[in-house]
Protein chains: 6
Amino acid sequence: MNLNLFAEANESFDEAEFVIYGVPYDRTSSFRMGSRWAPMTMRKVSYNFETYNQDLDVDLDDVPIHDMGDCDTYVNVDETLEVVYERASEIVKAGKIPIMMGGEHSLTYPCVKAYNEKIGFVVMDAHCDLRPEYGGVKHSHACVSRHVIEDLADKYVSIGIRSGPKEEWDYIRQNDSIKVFTANQVDSMGIDSILEEADSYLAGCDRIYLSLDMDAIDPAYAPGLGTPEPFGMTPRQVRTVIRHFAPRTVGFDVVEISPEYDSGDVTSVLGAKLIREFIAAKWKSMQQAKNI
Amino acid sequence: MNLNLFAEANESFDEAEFVIYGVPYDRTSSFRMGSRWAPMTMRKVSYNFETYNQDLDVDLDDVPIHDMGDCDTYVNVDETLEVVYERASEIVKAGKIPIMMGGEHSLTYPCVKAYNEKIGFVVMDAHCDLRPEYGGVKHSHACVSRHVIEDLADKYVSIGIRSGPKEEWDYIRQNDSIKVFTANQVDSMGIDSILEEADSYLAGCDRIYLSLDMDAIDPAYAPGLGTPEPFGMTPRQVRTVIRHFAPRTVGFDVVEISPEYDSGDVTSVLGAKLIREFIAAKWKSMQQAKNI
Amino acid sequence: MNLNLFAEANESFDEAEFVIYGVPYDRTSSFRMGSRWAPMTMRKVSYNFETYNQDLDVDLDDVPIHDMGDCDTYVNVDETLEVVYERASEIVKAGKIPIMMGGEHSLTYPCVKAYNEKIGFVVMDAHCDLRPEYGGVKHSHACVSRHVIEDLADKYVSIGIRSGPKEEWDYIRQNDSIKVFTANQVDSMGIDSILEEADSYLAGCDRIYLSLDMDAIDPAYAPGLGTPEPFGMTPRQVRTVIRHFAPRTVGFDVVEISPEYDSGDVTSVLGAKLIREFIAAKWKSMQQAKNI
Amino acid sequence: MNLNLFAEANESFDEAEFVIYGVPYDRTSSFRMGSRWAPMTMRKVSYNFETYNQDLDVDLDDVPIHDMGDCDTYVNVDETLEVVYERASEIVKAGKIPIMMGGEHSLTYPCVKAYNEKIGFVVMDAHCDLRPEYGGVKHSHACVSRHVIEDLADKYVSIGIRSGPKEEWDYIRQNDSIKVFTANQVDSMGIDSILEEADSYLAGCDRIYLSLDMDAIDPAYAPGLGTPEPFGMTPRQVRTVIRHFAPRTVGFDVVEISPEYDSGDVTSVLGAKLIREFIAAKWKSMQQAKNI
Amino acid sequence: MNLNLFAEANESFDEAEFVIYGVPYDRTSSFRMGSRWAPMTMRKVSYNFETYNQDLDVDLDDVPIHDMGDCDTYVNVDETLEVVYERASEIVKAGKIPIMMGGEHSLTYPCVKAYNEKIGFVVMDAHCDLRPEYGGVKHSHACVSRHVIEDLADKYVSIGIRSGPKEEWDYIRQNDSIKVFTANQVDSMGIDSILEEADSYLAGCDRIYLSLDMDAIDPAYAPGLGTPEPFGMTPRQVRTVIRHFAPRTVGFDVVEISPEYDSGDVTSVLGAKLIREFIAAKWKSMQQAKNI
Amino acid sequence: MNLNLFAEANESFDEAEFVIYGVPYDRTSSFRMGSRWAPMTMRKVSYNFETYNQDLDVDLDDVPIHDMGDCDTYVNVDETLEVVYERASEIVKAGKIPIMMGGEHSLTYPCVKAYNEKIGFVVMDAHCDLRPEYGGVKHSHACVSRHVIEDLADKYVSIGIRSGPKEEWDYIRQNDSIKVFTANQVDSMGIDSILEEADSYLAGCDRIYLSLDMDAIDPAYAPGLGTPEPFGMTPRQVRTVIRHFAPRTVGFDVVEISPEYDSGDVTSVLGAKLIREFIAAKWKSMQQAKNI
Ligand SMILES: [Mn+2]
Ligand SMILES: [Mn+2]
Ligand SMILES: [Mn+2]
Ligand SMILES: [Mn+2]
Ligand SMILES: [Mn+2]
Ligand SMILES: [Mn+2]
Ligand SMILES: [Mn+2]
Ligand SMILES: [Mn+2]
Ligand SMILES: [Mn+2]
Ligand SMILES: [Mn+2]
Ligand SMILES: [Mn+2]
Ligand SMILES: [Mn+2]
């Protein structure tokens, strides 16, 4: 047990296909801080799991995963985002799949920017995150979707949304080039129908960045959050989304866990598990692609 | 952020339509104390939320809400209930809708008494609360439904019940003027059928007091309770009940949260959210009534 | 309230039909310790409940239950298992139904061994527990099902499984005398179909030992665990299993709760509740058998 | 490790010289509840310690100690005190030394009453506890010293006092038959001078009841309290007091620990340690008396 | 118990001599956030105490104290400081003594600025807080002493210092118009000698602002801090400082408590107690001044 | 902030003079587990501190420190000790000073063994740790001093001792080649006299290994422990010991912190601070030696 590494992430950078890293930064968080402690906590609880994923018949011990450790962070958000951009770029350029453990949601922006081209963006979140700025800060965690849409993504899908000011919902209504599925819709339509609709919107988009703001999930399953929002998604629904998009996904992150508000680290346990689900699903699709 | 006020409750008493207040009292609680800290905790976490409710298209910033602060409390329950009665009466007389944040369930009795006429009473609770007295105390939190039925309500509906001594279930069976839906029934029949049945029982009853003992909800969603009872309702079911009855509801309370047993304040977060759901749903019905 | 006794367990040993005891032992636990504190915590929270079970119309006050207290434990697992074996044997020989509160899952082995004949074994667990040894320890909590299958049970059913190394899943596939239902199957097929299938496998088996590793349940409902595993069963599903098998069950245990990782003791509350469900269901079947 | 027994308290009642019991009652507590969980927590952490006390050269394994378990308690304080009185009387009549683990301080009253004669009373406490009643309750934890002085003690010494309404300090000034040493005096004069003064006041009093309200101790050492009061005594000072009076002491209690407000159970650890110090010191004096 | 008001602070603004208010702001905190919750927590635990201070013979019930509630706060520190400046100015202009409950230490700056003249500044702190800026923010909590010295104070005394970069200690050495006493000096010289030296430096300075950064105190007594620093002052030493300067003090604050890192709220208990000590000591000097 | 590295430990292995590493192992712990999480927690809180130590005029930024990360650990203690031995040997052979962050105290044995010659051993501990085996395990944390004395050290000094079975105290009395100072002696004689006596015993011993079992310290300052023992040393006393022996010390460790039982991480904060004190004191002596 080496708590400085995510479990099974002991491949070298050069040999790895997946590169995990953490960003212990939470300074623009609007309500409760503490997501800075999530990378170390997810690494710790990653040792709770078996290496084998029986649903997908993938053993993570066979998957080349590297953990680069944490990025340095600065008080100032823009300086921190710059560091993340460099880190993400290095991984993308090396042809590997980056997996970022936040930290707050603002950190997703440089992760998407690192592709240097417009790609599809699929996010699970309770919040719209569509403000142009919050409290005078452009790159607040409450604004990340807005800037990704405006600067970086050619397609935008959001799943699990249930909170935002009227302006954000107006923005959604007026902006028919983005696709939003609320948590209520997930509940009433079923996650499979949602994914079907999402797919037809995403038609032709074969490079997707997938971002998981853990508050997409109901606080019963994920109490350790900065901004918990009732009436959320279930872990099974989120797992279905991850497995569905994994083959097309070129980068992934899990953000917004605040371990200090958690109980028995179950939110970090779930976050670490979903990272492992993503890796297994993506790896399986890579192996299948090779075998064709 | 003024933690002495529930978020968005910054209207004056005179201009307000909704009046929130807290009662930090828990001394008759049978198993675990601590609901005295729930009003301050719900105020605190109310700042976690956006002001806009997109499902109902209501912005709480547009709703006139006043927070009167906490009632003084006394060691003796009867003295405390007297203070609550005066507070509730003042609000009722002023033609406003009182929203009481408990504290324990015994506090509901004076809130209902304040109407000075028999009204309908709908309660969500895990427990029957039908004892005539508990531990020698008449106004124990374990007796509130009994006294409301006998003294104050002309119709009584209870939803989510799953715990009580045999005497209480006998009382229910023998007392066909009250209507009880167990948590098992909610699970098997669906909340919509329950509400249909409740409505036909409540026919003609256009003034309802709605009381939410948070232990109606499953401990997965609401661990911070004095008497947690497994196999409970989901937050979505409770939200459906609140939205359903809001148009007829003239008073509301949320009781029995014990923040010291909570994880990441998620129980208070849910309690505060359900208060906000009630206000939005009630306000919408008031606006619709005006527009007819 | 006598916190040294499980609530309502105040019958003498001789007069009792059910005998509860605790084993505060957790030294082979693989990830997080602390299940040693579960017996005292379940006793404590057992006072949270009413004595009457309305679903089954059984009042625990009418059921002869004895609490023998905790077994002495030793650092060494084998010495501890020996003590448990003696305790369980004493109860079994006296013709009573033992209910063991763990402690870790390895403690189940001597409980089953106490019957001195091959019996049916039904376990709810997230983990396969099918390793022959773990970390050099044969009677690790990660190996209990393997040894029960090989040494003690003539039939083996496992429900809720979702974690194990490849070798364990291979063992399951190659071993068609055992029957395993994953948590995914429970979710997709429904618990009633699962139980039907289990029954046809168990045909003719009228003596069953029932073991509940609490991590079978989803961490949302049971965060206080040593090895929490997402995507688990719901408490209602577990209750259904318990009620279903209770008439044939001759011994029961609840293991692997780690109170230090819990929130508001909800995991212990659920564990204590499920013990009470088992007693009520078993007692009812015993009364019905007598009345025939 | 049998968590139902205080460590080393495994002698039978008949053979024992010391009899420990718990009273899980806290219902008159003025600020924060939870001392009801202290007996079980002190039993648990008593297993943290070695059996041997090197300062006094006493091995608790050689001392005949019995743990009677917890008294039943009632919602009503007077009913509960009656039960404690019977328990204490039984022990006193049997010629043994009772050690009561509270629960709240009001429980001390029946422990002293059990001697059926006026004896000396020495209490360590942050609070005067000299009110005649509190919140309408005579036997509130805030009144215990008053009733002991008026009904049960011929000499009264209090050490560590630093909190009380003006009326209580007036009562002290006007009542020269009682002796009070404030925490400030302990700090400035040294505990040895205090004990010297106390001894001259207690001259001729060879039967003392010693009561330790844990809030006598500074919250740094004892954070898990119902009513923590800064500027308190150190554990060494308290140990000195216990060792000093042990030879004359015929009954002892430790009250007012609230484990839910503790950190790492250190307050219960300290409480359990001080019980062990009392037993060792008393036993040593008993052995020395025999050898004369 | 009205948890929206500090205990005994129920006088009107106009009649009050002391005006308490809170500022729930912590956004420039360098290591751990959470001091935003300190005002509400100090109000809550203020009900733990008796109204009477026996050392000083002052009953807080007789002292006219007003609690103005919390200031509104903004994400941006400068906007927040502006609000605090207005609040403090209003109180100072009304001839009353402001008592600010932080929130972080940066909030002290506008409190001192409110006097509109250079006054003496005495601070207890573990940290120098002498940086000109931190992380690009001028009014960081790590810079407050620097800006107070340069802009607002004619005399500066700091007690309890034990942490700072080399540049800050150089600043101290080179700046002989300020007076710094380290925690080591307090320990070795005794607090009385320190105060004597401080007095001779402060000669002629009869208007002092007194600021208590709670991390001046050792983490044993005050674990609930953003930046806990071992080897600190004792509460008795701090109380001595407060009582010593109270007669000359025209404004007071307690800052940097982070309740989420606390144990049993003991840090807030101590903070609230020291506020009560300040009020009692100041009030006594005011009464004595009147009687001359 | 890179939470995978102890603060300021960013030198390469080759250039470093000090090499820090962690060992997340706690499986032989006798009462409470959890010291496995201490290395990651000490790294985390090391960012709480300034780099400059003003008492010693050393800036850790100027000191070449390397953090090698955590050792892999095994369920079996002997396998784990083997890994630690290799790690420690590698550092010692490279002529650097190893600093081990435990984990439990048993890990100290291979750290001392790594010197391949008998050296002086100075330990601060509440416990004797002189058993030959505990629960059948030779290298239990309760036996480390015994094996170090018998196998590895030519001189042995222990400071702060206050707990052990009679056999251990007999061993001490009968073994006049070892030197033990109890916590009582530290309190009554003063730490300076203790160190004087220790020095005369250690005369001629210029290579010392210094081990700090954090339970040497009083639980008020260090609540986050596996086996907290009241009446302990103060942090100032421990700091004095560290500064005193640093010039002769060739290896150092801090063990037995259990973060899960801590409050606000203050025990880890203190542990990390004492590591920083050791480095600064040792570095200063190295610089002074060079300058002669
Ligand atoms: Mn987001
Ligand atoms: Mn979000
Ligand atoms: Mn109720
Ligand atoms: Mn209820
Ligand atoms: Mn298992
Ligand atoms: Mn399991
Ligand atoms: Mn008392
Ligand atoms: Mn007291
Ligand atoms: Mn400061
Ligand atoms: Mn500071
Ligand atoms: Mn040790
Ligand atoms: Mn030790």
Side-chain angles (χ1 to χ4, degrees), chain B residues 29-32 34-35 126-131 134-135 142 161-173 180 182-188 214-215 217-235 256-268, chain C residues 1 3 7-8 41-42 44-62 191-192 214 217-224 228 230 232-240 242-243 254 259-277 280:
Chain B
S29 297
S30 48
F31 185 58
R32 302 193 301 203
S35 60
H127 306 91
C128 297
D129 289 354
L130 287 169
R131 285 172 163 98
Y134 185 82
I161 297 295
R162 55 199 185 275
S163 171
K166 195 167 194 320
E167 293 70 29
E168 296 190 349
W169 294 100
D170 290 344
Y171 180 93
I172 290 167
R173 264 186 299 272
V180 169
T182 67
N184 284 347
Q185 288 173 308
V186 173
D187 184 59
S188 59
M214 283 290 285
D215 60 31
I217 300 172
D218 195 276
Y221 303 89
L225 296 170
T227 46
E229 187 74 27
F231 316 122
M233 295 173 73
T234 67
E256 295 285 340
I257 294 171
S258 280
E260 293 173 341
Y261 300 100
D262 209 353
S263 158
D265 281 341
V266 291
T267 312
S268 297
Chain C
M1 195 166 65
L3 297 172
E8 281 72 67
T41 310
M42 280 196 275
K44 166 184 161 185
V45 299
S46 67
Y47 290 88
N48 176 51
F49 297 114
E50 300 286 351
T51 62
Y52 182 67
N53 184 315
Q54 181 256 1
D55 286 7
L56 304 172
D57 190 26
V58 170
D59 198 315
L60 291 193
D61 252 350
D62 304 334
I191 192 64
D192 293 327
M214 284 291 285
I217 301 171
D218 195 276
Y221 303 90
M233 294 174 73
T234 67
R236 279 179 189 277
Q237 291 166 342
V238 171
R239 186 178 67 175
T240 300
I242 289 173
R243 288 183 179 173
V254 174
E260 294 173 341
Y261 300 99
D262 209 353
S263 157
D265 281 341
V266 291
T267 312
S268 297
V269 162
L270 182 54
K273 182 72 181 184
L274 291 168
I275 288 175
R276 296 168 81 82
E277 280 290 330

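Being a predicted model, the structure only gives us computed values, none of them experimental. Below, read A as the first sequence line, B as the second, and so on, with proteins coming before strands; counting in each chain starts at 1.
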> Between CD of B:E167 and CD of C:E50, what distance do you get to the nearest 0.5 Å?
Replying inline: 9.5 Å

>> Run the side chain to side chain contact (heavy atoms under 4.5 Å, CB included) test on B:R32 and C:D265 for me, step by step, so that the C-alpha distance in whole Å, both residues' side-chain angles and the decisive distance to 0.1 Å come before the verdict.
In response: CA-CA 11 Å; B:R32 302 193 301 203; C:D265 281 341; 3.9 Å; yes

>> Please determine whether side chain to side chain contact (heavy atoms under 4.5 Å, CB included) holds for the pair C:T51 and B:K166, giving the CA-CA distance in whole Å, both sets of side-chain angles, and the decisive distance to 0.1 Å.
In response: CA-CA 9 Å; C:T51 62; B:K166 195 167 194 320; over 6 Å; no

>> To the nearest 0.5 Å, what is the distance between CG on C:L270 and CZ on B:F231?
In response: 6.0 Å

> Under a 4.5 Å heavy-atom cut-off, does chain C meet the side chain of B:A142, its backbone, both or neither?
Replying inline: neither

> Given a strict heavy-atom distance threshold of 4.5 Å, which part of C:N53 is in contact with chain B: side chain, backbone, both, or neither?
Replying inline: neither

>> Using 0.5 Å steps for rounding, measure from the OG1 atom of B:T182 to the CD atom of C:Q54.
In response: 6.5 Å

>> Looking at every non-hydrogen atom in both residues, tell me the closest pair between B:P228 and C:F49 and how far apart they are.
In response: O-CE2, 4.1 Å

>> With a 4.5 angstrom heavy-atom cut-off, is it the side chain or the backbone of C:D61 that approaches chain B, or both, or neither?
In response: neither

> Under 3.5 Å, side chain of C:N48 to main-chain N/O of B:F31, donor-acceptor pair present?
Replying inline: no

> Where on B:D218 is there a heavy atom nearer than 4.5 Å to chain C: the side chain, the backbone, both, or neither?
Replying inline: side chain

> So, do B:N184 and C:R236 sit near enough that their side-chain heavy atoms are less than 4.5 Å apart?
Replying inline: yes

>> With a 4.0 Å cut-off on N to O distance, would you call B:E229 and C:K273 a salt bridge?
In response: yes

> chain C: which of B:G226, B:S163, B:G164, B:S263 shares the most heavy-atom pairs with it under 4.5 Å?
Replying inline: B:G164

> Looking at B:P223, B:S258, B:P165, B:P219, which one has more heavy-atom pairs under 4.5 Å with chain C than the rest?
Replying inline: B:P165

